[in-house]
Peer 1: 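Next up is a structure, given as structure tokens.
All chains are named by letter (A, B, ...) in the order of the sequence lines, taking the proteins before the strands, and each is independently numbered beginning at 1.
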Amino acid sequence: MSETLYVQLLDLACGGLLLTAVLVLWRRELAVIIRVFAVQGAALAALVAVLATREGSAELWAVAVGVLVLRAGVLPHLLRRALAGAGEARRETRPLVNVAASLLAAAVLTLLAYAVSQPLVALSPSAATQAIPVGVTVVLIGFFVLVTRRRALSQLVGFLLMDNGITAVGFLTTAGVGLVVELGVSLDVLLAVLVLQILTSRMRETFGDTDLDELRELRD
Amino acid sequence: MMLLVPVVLPLLGALVYLLFGWRRATAWVSAVSAGLLLAVAVTLAAGVTRSGPRTAMAGLLRADALSAYMLLVIAAVAVLATAATPAFLRTEINAGRATARTGTRHSLLVQLFLAAMTLAVLAANLGVVWVAIEATTIVTAFLVGQRRTRAAVEAAWKYVVICSAGIALALLGTIVLNFASTHAPGAAGLDLAALAAHADGLDPGVTRIAVVLLILGFGTKAGLAPLHAWLPDAHSQAPAPVSALMSGVLLSVAFYAILRVKVIADGALGTGFARAALLVMALTSLALAAALLIGIRDYKRMLAYSSIEHLGLVAFGAALGSPAALAAALLHVLGHGLAKAVLFLGAGQVLQLTGTSRVDGVRGLASRHPALAGCFGLGVLALVGLPPFSLFASELGIARAAFTAGLAWQTGLALVLVLVIGAALVNHTSRMLLGAAHDHPVPAASPVPVVLLAGLMVCAALGIAAGPVPVLLNSATHTLVVTR
Amino acid sequence: MSALGVVGGIAQPVLIVAGSPLLVGVMRQVRARLEGRAGAGVRQPWRDLRKLLRKETITPRGTSEVFRIAPLLLVATSLVVAVVVPFVTTDSAIDPVADLFAVVALLALGAVALALAGLDTGTAFGGMGASREMTILALVEPTLLVAIFALSVRVGSTNLGAIVSSTLHDPARVLSPASLLAAVALIVVIVAETGRLPVDNPSTHLELTMVHEAMVLEYAGPDLALIELASAMRLSVFLGLLANLFLPWGIATAATPAALVVGVLALVVKVGLLGVVLAAGEVFLAKLRLFRVPELLAGSFLLALLAVAASYFLA
Amino acid sequence: MNLAATGLACAVAIGVLTALAALVVPARSAVVGVGTVLSGAAAMLAGCAAMSGVSFVVALPALLPLSGMLFTLDALGGLFVAVTGAVAVAVGVYGISYTRAPDLRARGVQAVLPLFVVAMVLVPAAASAGAFLVCWELMALFSLLLVVAEHRRRPEVASAGRWYAVMTHLGFLSVLIGLMVFVARAGDDSFSALRDSARHLSPLVAGVVFVLALLGFASKAGIVPLHAWLPRAHPEAPSHVSALMSAAMVNLGVYGLVRVGFDLLGGGPVWWWLLVLVLGAVSAVYGILQAAMSTDLKRLLGQSTTENMGLVLVGVGAAGLFASSGNRTLAGLALVAALLHVVGHAAFKTLLFLAAGSVLHATGTRDLDELGGLRPVMPVTTAAFGLGALAASALPPGTAFVSEWLLLQALIHGLPASGVAAAVAMPVAVAAVALTAGLAVATFVKAFGVGFLAKPRSAAAAGAHESPVTMLAGMGIAAVACAVLALAPAVVLPGIEAAARVAGDPAVSGAVTLRLTGVTGALSPVLLGLALIVAVVALAGVVRVVATHRVRREARLWDCGGGPMSPRMEYTATSFAEPLQRVFDDVVQPELDVDVTHHEESRYLVRAVEYRRKVPDRIERRLYQPVLRFVATCGERGRVLATGSVHRYLGYGFYTVCGLLLLLAVTR
Amino acid sequence: MLRLWRKIRTVGRVAEPAPLPPATDQPPAAAALAGSVQIRHVDAGSCNGCEVEIGSAFGPVYDGERYGARLVASPRHADALLVTGVVTRNMAEPLRRTFEAVPAPKLVVAVGDCARNCGVFAGAYGVAGAVGDIVPVDLEIAGCPPRPEAIVDGLRKLTGR
């Protein structure tokens with residue numbers, strides 16, 4: 001793979017990541033959000049694949065496949081299952097920060113991520129590290145979704161966005177953090193999502209709705 | 001192989017519950033496992049102080065004095081919590097709030113929880129530490145939501161979401177640190193010992209980001225501001241033995257990670273950076289606990305906020321960074337663990353006896369259940385930092401180290417906040433305990449709180465004469481102090 | 001304990017015991033004359049005492065030893081003061097007791113005994129008298145102490161003999177501001193402490209205006225005689241103290257008969273004059289409302305404080 | 001092991017063993033009583049040995065993790081150990097039967113008492129900051145547990161406990177900060193290291209250390225404005241505990257001040273001691289003024305403790321002033337006066353609280369307005385209280401008289417040693433001491449006259465009975481101590497002088513007549529007492545001879561010829577204090593509430609008049625209420641932080657992360 | 001103050017010269033008093049006429065005090081009771097109690113006709129009797145009301161001066 005192609009593919013994958021993250025902020029239909037999230041998973045897998053091709057590492061290819069299965073397949077599936085039980089609450093009707101402001105915030109977060117990532121880029125300038133700000137942006141946008149979205153499901157997506165961003169940063173900085181850790185992280189994420197999904201259904205059982213802002217029983 | 005035992009032992013316990021369920025014969029398995037864990041921890045501590053750190057599992061597990069000490073803390077609190085569990089579960093089952101299945105799941109998850117924590121303190125790799133700590137969140141999520149009431153589910157949700165978000169930051173930090181480490185001479189990866197040893201080669205710009213993210217992230221799990229908010233909810237809703245474990249050790253285990261990070265930060269950035277970060281977090285946590293404790297209305301939440309306070313104090317001690325301060329902070333971890341475990345277990349009994357966790361709902365406890373009330377009261381006095389409990393010794397040590405470090409104003413502020421918190425604790429507790437009990441003429445069967453008494457006595461004994469513990473503390477602080 | 005002291009220690013109490021009822025008689029006579037009356041004669045107080053001693057003693061039911069001992073203690077305190085204070089001779093019979101603080105405290109002890117006796121009866125009047133007496137005492141004592149202090153500071157001693165001798169040696173002191181302020185303050189508190197107008201009216205019959213009389217309403221016979229004697233003694237002791245602290249001249253400094261005679265005469269004259277002036281003054285004054293009394297005492301306290309300050313600043 | 005060390009070790013060992021025994025033995029009261037007595041006696045022995053020059057140092061590095069403990073006993077410490085031990089002896093004897101009451105019989109309560117004594121004994125023996133603080137706080141803990149012992153009976157106990165806990169913790173923190181700042185400079189926490197490093201302290205640091213220590217110690221001694229806990233906790237504690245607290249524990253505040261101010265810091269500038277003196281003077285006057293208005297017997301005694309500690313601080317402050325101007329003779333005199341007052345106060349306050357406990361035991365009430373008429377039914381208690389009241393009111397031949405005389409002597413002779421500071425301070429101090437003396441007389445006349453004499457004002461008082469013999473014996477011990485101190489203070493003066501050497505030279509000599517050394521002044525309390533007794537006896541004889549009508553007749557009270565006097569006609573403590581209250585209206589600002597109910601027919605016809613008067617603590621209202629309100633407001637506002645919204649919670653983290661990242665990006 | 005002083009100087013002595021001492025029929029108990037008699041006045045039911053006269057007997061003109069008599073506030077301090085008026089039912093017991101309160105030796109003086117023999121009130125429904133019916137009377141002073149001179153005269157019989 002030529003240097004230019006590598007960089008273009010890398011940028012494409014990263015662009016996909018960023019775009020999907022922004023789309024999550026933009027859209028209100030939960031089903032659409034899940035679909036966007038699946039696309040992001042694919043983009044992440046693509047990113048890993050590009051890196052794997054570049055490095056020529058079979059191991060990394062395997063990881064790419066794993067990422068694809070987990071993030072574009074299993075997790076969206078779990079989310080969809082959670083949504084299926086959600087009844088009519090299928091829209092993120094009234095986010096705490098409206099869409100326009102959210103998009104503006106995303107822009108600011110992007111700038112922030114860029115500014116913050118400079119030392120990382122400077123440490124080892126390369127095409128991959130140049131893309132680190134994208135990963136950080138996705139993390140921050142994920143956090144932002146977590147903070148501003150009312151539906152349990154959108155929070156779940158927010159958390160996963162963060163995780164996608166972190167994974168992206170991980171792959172962009174180095175070739176991962178060691179296999180044991182990698183596996184552990186993935187397992188943890190999967191389990192966390194499982195737990196959250198179960199909790200979502202339990203919440204629905206007990207509260208009837210999953211507007212998180214109504215969870216105010218525990219307070220001082 | 002010695003190092004694998006502490007991780008495997010609880011897993012075996014979990015296996016027992018998985019296979020046989022919770023019944024009369026297996027009720028005490030968890031306590032036995034915790035007791036064995038304590039024995040192993042003591043042996044390990046003795047070994048480590050005698051012959052230095054040891055590794056196992058191809059360098060994945062590593063035990064130095066600090067790990068051994070933390071293992072000791074985990075085991076000690078676990079013994080208290082698991083010893084109180086059978087009686088707790090039986091009462092719950094008798095009251096119809098739980099079934100044997102709940103018991104099985106409870107015991108199983110608690111054993112897994114213990115395993116995750118022991119793994120966290122024994123792991124040689126920061127990544128594994130992260131995995132283990134995130135695992136504790138997942139394992140305890142269902143323990144927090146065990147009662148399945150609205151409040152319990154809400155608490156579990158908040159717990160998982162906030163902790164996962166926070167710990168995700170730590171993951172990002174870990175990755176960034178890894179990045180810095182791979183580009184540093186010595187290429188240590190994420191091995192804690194190697195990182196600490198070669199910290200001065202890390203790129204400061206990158207390490208700064210990593211350290212901030214790691215401290216914030218693990219700080220979440222340690223109940224430090226700003227991502228502390230899950231703590232009062234989760235601790236107040238979890239069953240008493242779980243609250244005891246969470247408050248007594250989980251927070252400290254997360255803080256253990258911060259301590260490890262701090263060594264690296266000190267090596268890479270000089271002592272000022274982590275100190276400033278921890279000081280701000282510590283003081284914010286203290287202020288927050290103070291502000292919220294004044295008007296608290298739920299006694300389990302009160303204990304939870306007190307945990308925020310004490311972790312704040314530990315963070316304050318850690319921020320100082322001198323050997324004396326670190327030894328005091330570590331001693332504080334143990335003392336707080338014991339006292340808080342006693343209090344949460346006591347609070348659980350109070351809740352079972354009175355049916356309410358509101359401060360207003362409990363009156364004249366000392367008249368009705370003198371032994372329980374006595375333990376609860378003494379526990380609160382221990383938390384306030386009165387001798388002979390070891391929290392006094394450690395707070396004294398922290399204060400002394402702080403003034404020696406020249407942080408007069410910050411320490412003054414911290415102590416004033418501690419005073420306010422102490423006043424609030426005493427105020428609320430005295431309302432619960434003291435006074436005549438005229439509404440309940442016949443006292444219900446009052447449980448004899450042997451476990452609570454034992455915990456208090458250990459805490460007091462530790463405060464009077466800690467025996468060999470200071471030696472262990474001493475060698476633990478050596479691993480934490482950067483001499484550069 | 002010098003010979004002079006011993007002589008003084010014998011002469012003074014005799015003089016005070018014998019003379020104080022006469023002093024009261026003189027004062028009553030002065031008042032009577034100024035009011036246009038004839039008066040009962042100077043010896044009338046002695047006649048009253050003689051008669052009271054011949055009368056029956058009554059113990060009201062429900063009273064305790066306090067009631068019975070109080071009159072004795074009251075007289076005893078005045079007697080001890082009469083023994084130790086330099087009235088006739090500069091030396092004191094029991095020098096380590098001739099301390100200003102001790103003397104003031106002794107006199108207060110007498111008042112306390114009487115107040116307790118008043119409370120012991122359990123009557124409304126007894127309590128009322130005790131309450132008022134204690135209120136006045138609580139304000140008088142500090143003034144006394146502070147005024148006395150002003151005098152002792154420069155002498156460097158609270159020993160009465162020392163103060164008197166020092167004034168004898170250095171007469172200019174009498175005219176110092178500290179001394180004058182202290183004198184005025186002392187006069188006010190002596191008036192209050194001895195229960196004279198305008199603080200208390202010794203001849204009132206109206207219980208509600210009483211202070212001293214209200215406490216002793218239950219006493220009869222010899223007990224009453226002791227109390228009457230004691231109040232007369234306290235008056236002469238206070239006047240004697242006032243006289244000798246500020247105008248000690250004539251006091252015997254040696255144990256010769258002539259000096260002693262001069263000393264006795266000087267004391268009689270000084271105290272007698274003071275008594276006359278006091279009695280005459282009373283004619284011109286109306287009794288203050290009880291709650292205006294503290295203003296008077298506060299004023300004297302201030303004067304005394306100024307005296308102390310003056311003795312520090314103007315020394 | 002010398003006598004001091006053995007005594008102290010015995011005291012501690014006996015105390016701890018007694019506490020353990022109390023947990024298991026059925027006849028706890030007696031065991032605890034005897035144990036406390038033995039422990040106290042051992043402590044007394046150790047203290048006396050230390051005062052006579054026997055001293056020891058023992059290091060216990062294994063105790064108190066991270067700090068280690070160091071103990072020693074010098075003359076200053078020995079004095080306080082001895083005083084504490086003596087109080088414990090009286091209290092122990094008294095407690096044998098007093099603690100048979102249901103609330104006090106409990107295992108825990110019984111076990112804590114000897115531990116409290118042990119903690120108090122160890123405080124003056126501590127020789128390192130760590131040891132001192134741990135003993136100090138143990139003392140606070142045990143006393144707190146004892147204060148709330150009777151919480152079932154009265155709701156005020158819990159409130160008193162809260163106040164006490166918070167105030168004592170505040171004081172502790174103040175001392176802690178002060179000592180730790182000091183330790184940080186010295187590098188080691190042993191007192192000898194502190195002493196050595198004091199010379200190198202900058203004036204600012206030394207000042208900070210002193211002021212903080214002063215605040216902490218003043219709060220323990222109940223000095224205004226940190227006195228708020230004292231009139232709450234002392235009355236609500238069981239009476240024998242009140243005695244221990246009021247007679248022994250508050251002293252340790254003085255001890256701390258003397259130890260830190262004179263010994264460790266080695267004296268200081270004039271303003272330190274002026275501060276001490278002013279605080280002392282204000283406390284003395286304010287305390288006794290509150291006591292004069294009080295109608296609660298034990299509260300009154302508590303407030304009188306504030307007064308007496310104020311007087312002690314006046315002495316300490318004067319000693320400091322003199323020492324800082326280099327006059328060691330006067331400094332010694334003033335400190336001897338202060339310490340003698342500490343000893344005297346310990347004796348008479350023990351006696352008074354024990355007697356008050358006896359009254360409470362017999363009548364169940366502390367309200368002076370409901371007492372009275374106890375003399376015929378409780379003769380011993382009445383005599384004990386009377387003696388205590390005499391001792392407390394600075395009248396001869398009373399205990400406080402001697403020490404106040406010494407204090408005034410020191411102040412008088414301050415003239416030659418004066419600077420401007422002394423010239424201003426001394427007159428004020430004298431005025432305060434004098435005013436205090438006057439008000440104290442009124443206060444104790446009220447307490448004794450209204451509380452014990454006259455007719456019972458309630459059924460409870462009428463049904464009183466004398467207390468058991470051990471309680472009387474406890475009072476007897478204290479009474480003997482009072483009498484000895486009043487008549488022969490020379491017995492304790494050598495020890496006190498040894499203790500006062502930290503500030504000055506020996507001050508007093510003589511056995512029968514106390515003569516000041518270095519300045520003129522002499523007083524003989526015993527001759528004074530003898531003269532009074534001789535006079536009384538002689539007079540009684542003369543009256544017997546002269547009075548011709550020998551028979552004493554009993555008669556009904558003169559009731560103006562009307563019906564029998566009812567108790568409602570008696571003057572009560574409230575009415576007794578009313579004139580004084582009017583006088584000090586502007587200072588105490590009583591709250592008056594008069595409700596007049598009229599008849600329906602006409603408003604000129606009054607159906608009922610209800611009159612309520614309360615004398616609140618003004619300092620408390622002005623100083624504490626705003627703070628408490630502020631804290632409460634903070635608590636109320638603080639709730640906004642935890643609304644239950646998960647978004648808000650996550651937001652905290654999000655904004656912090658963004659802020660920190662921005663900060664990292666900007667500062668590179 | 002100066003005005004008062006001037007008045008005192010101009011008025012001078014008001015008291016009339018003492019008349020001759022009365023015939024010596026001194027009550028036996030009075031001998032022990034030896035020239036000093038403290039008097040407690042009891043109004044047992046008087047019309048207040050006698051009170052006015054008693055007042056003036058102790059005023060400057062008659063100056064009863066110069067003979068050693070003095071009014072006091074408590075029967076405990078008194079040697080003699082000066083009882084005025086007829087004894088009403090309500091005052092009978094108080095009078096008895098007052099008498100009892102006086103320490104021995106003690107005297108009772110009935111002042112005015114009412115006190116001596118009920119005067120115009122004799123037989124009225126509220127009357128318990130004359131003073132003599134209630135307590136032993138040592139001296140009677142007649143008149144309705146008695147003149148101050150008579151009262152002074154009576155008092156002088158007690159003091160013997």
Peer 1: Go through the atoms of C:Leu217 and report whether side chain, backbone, both or neither lie under 4.5 Å from a heavy atom of chain E.
Peer 2: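 For C:Leu217, heavy atoms of backbone and side chain both lie under 4.5 Å from chain E.
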Peer 1: Are any side-chain N or O atoms of E:His77 and backbone N or O atoms of C:Leu224, one a donor and one an acceptor, separated by less than 3.5 Å?
Peer 2: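 Not a single qualifying donor-acceptor pair exists.
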Peer 1: Give, for atom CD of C:Gln44 and atom OG1 of E:Thr159, the distance between the pair rounded to the nearest 0.5 Å.
Peer 2: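 Output value for this atom pair is 8.5 Å.
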Peer 1: Between C:Arg47 and E:Gly68 (side chain of the first, backbone of the second, donor and acceptor by atom type, cut-off under 3.5 Å), is there such a pair?
Peer 2: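 A pair under 3.5 Å: no.
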Peer 1: If we define contacts as heavy-atom pairs under 4.5 Å, which of E:Val37, E:Asp79, E:Val14 has the most with chain C?
Peer 2: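 Option with the greatest count: E:Asp79.
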Peer 1: Report, one line per pair, each donor and acceptor closer than 3.5 Å where one atom sits in a side chain of residues 97-104 of chain E; sequence neighbours left out.
Peer 2:
{"from": "E:Arg97", "atom 1": "NH1", "to": "D:Gly561", "atom 2": "O", "distance (Å)": "3.3"}
{"from": "E:Arg97", "atom 1": "NH1", "to": "D:Gly562", "atom 2": "O", "distance (Å)": "2.3"}
{"from": "E:Thr98", "atom 1": "OG1", "to": "E:Pro94", "atom 2": "O", "distance (Å)": "2.6"}

Peer 1: At a 4.5 Å cut-off on heavy atoms, which part of E:Ala78 comes close to chain C: side chain, backbone, both, or neither?
Peer 2: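 Backbone only.
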Peer 1: Going from CD on C:Glu56 to CZ on E:Arg76, what distance comes out if it is rounded to the nearest 0.5 angstrom?
Peer 2: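 Going from the CD atom of C:Glu56 to the CZ atom of E:Arg76 covers 9.5 Å.
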Peer 1: How long is the gap from CZ on C:Arg33 to CD1 on E:Ile8, to the nearest 0.5 Å?
Peer 2: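 Those atoms lie 13.5 Å apart.
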Peer 1: Is E:Arg9 close to chain C through its backbone or its side chain, or both, or neither, when contacts mean heavy atoms under 4.5 Å?
Peer 2: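 Contact with chain C involves no heavy atom of E:Arg9 at all.
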Peer 1: Starting at CZ of C:Arg28, measure out to CZ of E:Arg70 and round the result to the nearest 0.5 Å.
Peer 2: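 C:Arg28 atom CZ to E:Arg70 atom CZ measures 4.5 Å (nearest 0.5 Å).
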Peer 1: Answer with side chain, backbone, both or neither: which region of E:Gln38 has an atom nearer than 4.5 Å to a non-hydrogen atom of chain C?
Peer 2: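 It is both, since atoms from each part get that close.
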Peer 1: Is there side-chain contact between C:Leu34 and E:Trp5, with heavy atoms separated by less than 4.5 Å?
Peer 2: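 Yes, their side chains come closer than 4.5 Å.
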